[in-house]
J.: 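Dumping the structure here so I can ask a few things about it.
Just so we're on the same page: letters track the sequence lines, and every chain starts at 1.
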Amino acid sequence: MRILTIGRKGTDIVLEDAEKQISRLHAELTITDGGRYYLVDCGSSNGTSVKRQGAWKAIKQDYVTEDEEVRFGGFYSLTVRELLKKKS
Amino acid sequence: MKLTLPSMLVLCAALVLLAPARLCAQIDPKLQDSTVRILCPEPAEKGGKGFSVMALKLSNGDDAGWVGYSKGTGFVINNDGFIVTNNHVVAVDAEKDEQNPLILVMQKVGTHFILHRARVFWQSPNADLAVIQAPNLKAPPLPLEFNETKSTASEEVYSMGFPGITDIAEEDLARSEEIFKQMVPIRAGNIVAQLEHEKHRKLRRKEIEEIISEVAQEMRADPPPADWMDLLVALDRFLKSADGAAISWDVTDVIARKTLWGDYFKPTVTKGNIERIAKIHGFLGVSYPDVMVIQHSCAIKHGNSGGPLLNAGGQVIGVVGRGMSHEKEGEREDVTWATAIGELKVWIGNHPIPYIAAGEWRKPPETPQPIRIIERQPVKIIEQLPTQIIQQPTLKVVERLPLKMIIAISLAVVLAIIAAVICLLKFNQKPSVTKMLRDPRMARILGTTPSKLLDIDAGPPKRIGNGPLPGLGKWQLTGRAADGENVQIEMTDLLFTSNDYRLILGRAAELCHVVVNDRSVSKQHAHIRKDGNRFLVADRNSANHTAVNGQPNRNAFDEVPLKEGDTLTLGEVRLQFSKL
């Protein structure tokens with residue numbers, strides 16, 4: 001099991017969001033030993049959402065797949081695969 | 001009428017030539033004087049004048065300086081020096097309404113440059129708007145258009161502001177690079193020192209390396225142009241020798257030292273179209289009111305923040321400075337927003353601040369609310385001091401007292417501190433087992449005599465020496481799940497150390513270090529972090545929340561202390577935390 005932190009500053013995955021809709025520590029992504037992904041919103045100001053059946057669904061914590069699109073804050077969205085590529 | 005081909009061509013050419021001229025004419029160049037550059041440099045140490053300047057020595061022996069700063073744009077709305085801008089330009093943190101300690105506004109008046117000190121009057125982190133005042137600033141005010149429904153999609157709009165510095169000489173680039181290289185370790189060092197102070201521990205090497213790369217990344221994103229730094233250092237020198245109590249200074253001589261420097265304060269105008277007018281979430285998110293915004297296509301860069309978005313009639317319809325980045329298949333798409341100026345209407349309507357709307361001056365209300373007094377108005381202080389001294393002759397007696405009073409107060413403080421320390425030491429000591437057993441009440445409770453109890457107790461103190469070594473501690477969480485099943489969880493120092501000092505508790509084994517199997521517990525419910533000798537617990541945005549001693553968590557990921565003897569509740573599972 002591995003945990004990656006996602007946020008605006010000092011996290012494993014840094015998302016550059018000029019509008020600061022992304023919190024300093026916004027979410028955490030747990031990668032299980034079996035290769036599954038679990039996304040947890042860290043109580044961020046602007047929330048974390050997953051696109052399911054064409055609509056954004058706000059989540060507190062949920063499993064996500066590599067192809068699913070996730071959104072941090074109001075505007076910044078990308079697929080989990082793209083998110084993982086941003087790991088420094 | 002018959003149009004020949006040549007005449008058609010001439011007509012087309014005329015239209016092409018005329019078009020830009022006609023559009024530009026609609027934005028009066030005088031309006032540019034109403035757009036001002038806002039600058040928030042780090043101020044000098046308390047009580048000092050000017051900025052906080054880090055002196056650097058370059059490899060060729062030249063002196064250079066570094067000043068931390070943030071910048072943006074603002075625009076004048078009345079004759080009293082009131083300026084509208086983005087909150088994130090003047091706030092220390094965009095999400096809070098705490099203002100920068102030093103806010104400067106540079107105004108260009110003809111060939112002169114006037115630097116004003118400004119103060120924040122109102123801030124709305126959610127709408128990202130702020131109103132500041134530079135009392136001495138006089139410029140033609142821009143009229144406001146509060147009714148965004150008057151604007152329509154595809155309508156032409158203009159943005160004025162001071163984007164990044166683009167014209168950099170090659171030798172400046174080399175100097176910028178050197179400043180960058182020198183500043184990264186200095187800034188990272190400051191952050192490390194601050195974090196170590198906050199966390200009461202030395203940072204690990206990996207953590208320090210992370211901070212260095214983060215600082216480097218941040219500075220790369222907005223590299224320090226050496227020429228701009230030279231200008232800030234020159235302004236600082238001027239301010240350090242100038243009247244510190246003043247609220248505006250003529251800095252024309254400073255700016256005139258380099259021809260390029262004046263260009264930093266000439267606003268650029270970009271043209272675009274309205275794409276959409278809609279309400280979207282404000283800066284502070286869903287739990288705050290939505291904010292009306294105008295999506296537009298004017299080219300916007302960092303320094304544009306806070307500038308006006310004007311319609312073809314030269315009226316302000318929005319404050320530029322918001323945007324969105326969308327990333328899909330590696331391609332980045334930027335959308336720019338302006339907060340509709342209508343978001344200012346309610347506040348300004350309730351305050352005695354004049355402004356122009358719908359072509360006329362709006363007068364202040366009849367019962368004006370008190371305006372915050374601008375600090376550092378030396379005149380007022382000088383006026384008040386003498387009267388106080390004359391009116392209160394007893395002041396002389398008081399004057400002789402201070403030394404004695406200071407001694408008395410400091411003695412009292414020292415005594416209080418000593419008393420507090422003694423109290424802390426005394427009350428922090430948990431009664432030893434022996435002490436408790438000597439208490440006759442204990443014997444009564446247990447139905448025996450103190451001497452017998454002490455006999456039983458004779459062994460334990462010797463064992464303490466053989467107890468676990470530091471770093472091999474064990475703690476447990478014991479209790480009962482909702483279905484009545486016993487729960488006992490053991491957490492060792494080793495487990496904490498091997499998992500970055502943080503253990504995740506929850507229902508799903510593949511997602512947690514410690515499994516708490518109960519239906520009311522989320523897959524990842526909470527985590528316990530070991531920070532030195534302390535334990536901190538945080539809820540991980542669980543469905544049924546986390547509580548310590550019955551006190552539920554306020555926000556997800558907010559860490560609260562967990563002490564031995566405390567009760568930790570995960571959903572419906574109550575657990576007792578103790579040391580083994």
Side-chain angles (χ1 to χ4, degrees), chain A residues 1-3 5 7-12 14-49 51 58-63 69-79 81-83 85-86 88, chain B residues 88 93-95 128 191 195 207 210-211 213-214 217-218 221 280-288 300 302 305 321-330 332 334-337 499-500 502 504 506 508-513 522-525 527 538-543 553-558:
Chain A
M1 185 176 99
R2 208 153 56 96
I3 298 168
T5 53
R8 174 155 50 87
K9 240 180 182 183
T11 44
D12 298 324
V14 176
L15 301 180
E16 278 170 43
D17 167 36
E19 297 326 306
K20 298 202 176 173
Q21 282 246 329
I22 293 178
S23 299
R24 205 167 282 253
L25 172 66
H26 196 102
E28 282 189 10
L29 186 74
T30 305
I31 307 169
T32 70
D33 296 335
R36 296 221 284 163
Y37 300 101
Y38 195 71
L39 188 62
V40 179
D41 175 72
C42 298
S44 65
S45 318
N46 298 311
T48 300
S49 316
K51 204 170 204 171
I59 58 154
K60 283 177 139 193
Q61 41 172 264
D62 206 349
Y63 281 105
E69 229 183 310
V70 292
R71 192 180 75 189
F72 302 100
F75 312 112
Y76 195 106
S77 62
L78 72 180
T79 64
R81 186 174 289 114
E82 285 161 348
L83 179 71
K85 276 192 208 141
K86 290 188 163 280
S88 51
Chain B
H88 78 255
D93 182 336
E95 285 166 22
D128 195 20
I191 295 170
L195 279 176
E207 290 173 306
E210 271 172 18
I211 290 168
S213 77
E214 193 191 314
Q217 209 179 334
E218 200 177 86
I280 61 166
H281 290 333
F283 244 22
L284 299 182
V286 285
S287 43
Y288 290 82
I300 297 295
H302 266 311
S305 279
R322 293 191 68 183
M324 140 187 173
S325 324
H326 181 90
E327 209 150 326
K328 206 164 187 182
E329 273 112 45
R332 202 178 156 121
D334 290 318
V335 178
T336 42
W337 305 91
N499 288 298
D500 220 6
R502 200 178 72 160
I504 293 176
E510 64 171 353
L511 299 172
C512 303
H513 301 109
S522 291
K523 290 192 190 78
Q524 273 196 357
H525 197 102
H527 63 243
D539 180 73
R540 291 180 67 82
N541 223 342
S542 68
N553 66 288
R554 280 217 190 119
N555 297 312
F557 283 76
D558 272 1

J.: Where on B:A538 is there a heavy atom nearer than 4.5 Å to chain A: the side chain, the backbone, both, or neither?
T.: neither
J.: Could you report the tightest heavy-atom contact between B:Q217 and A:E16, atom names first, then the distance?
T.: NE2-OE2, 4.2 Å
J.: Which heavy atom of B:F557 sits nearest a heavy atom of A:D41, and at what distance?
T.: CE1-O, 3.6 Å
J.: For chain A, find which of B:I211, B:N555, B:N541 contributes the most heavy-atom pairs closer than 4.5 angstrom.
T.: B:N541
J.: Which one of A:S45, A:G43, A:C42 has the most heavy-atom pairs closer than 4.5 Å to chain B?
T.: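 Most heavy-atom pairs under 4.5 Å with chain B: A:C42.
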J.: Considering only heavy atoms, which portion of A:L15 lies under 4.5 Å from any heavy atom of chain B: side chain, backbone, both, or neither?
T.: neither
J.: Which atoms of A:R81 are under 4.5 Å from chain B, going by heavy atoms: the side chain, the backbone, both sets, or neither?
T.: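 No part of A:R81 comes within 4.5 Å of chain B.
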J.: Can you say whether A:K9 sits under 4.5 Å from chain B via the side chain, the backbone, both, or neither, judging by heavy atoms?
T.: both
J.: Sort out for me which residue in A:T32, A:I31, A:I3 forms a side-chain contact (heavy atoms from CB on, under 4.5 Å) with B:L511.
T.: A:T32
J.: Counting only heavy atoms not in B:R502, do more than 12 sit closer than 6.0 Å to its CZ atom?
T.: yes
J.: Report yes if some heavy atom in the side chain of B:Q524 is under 4.5 Å from a heavy atom in the side chain of A:K60; otherwise report no.
T.: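 A side-chain contact under 4.5 Å is absent here.
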J.: Main chain of A:G10, side chain of B:E214: is a donor-acceptor contact present, judged purely on distance under 3.5 Å?
T.: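 Confirmed, B:E214 side chain pairs with A:G10 backbone.
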J.: Write down the atom of B:S522, the atom of A:Q61, and the distance for their closest heavy-atom approach.
T.: CB-OE1, 3.7 Å
J.: Report the C-alpha distance between B:K523 and A:Y63 in whole Å, list the side-chain angles of each, state the deciding distance to 0.1 Å, and finish with yes or no for side-chain contact (heavy atoms from CB on, under 4.5 Å).
T.: CA-CA 10 Å; B:K523 290 192 190 78; A:Y63 281 105; 3.7 Å; yes
J.: CD1 of B:I504 to CE of A:M1: how many Å apart, nearest 0.5 Å?
T.: 4.5 Å
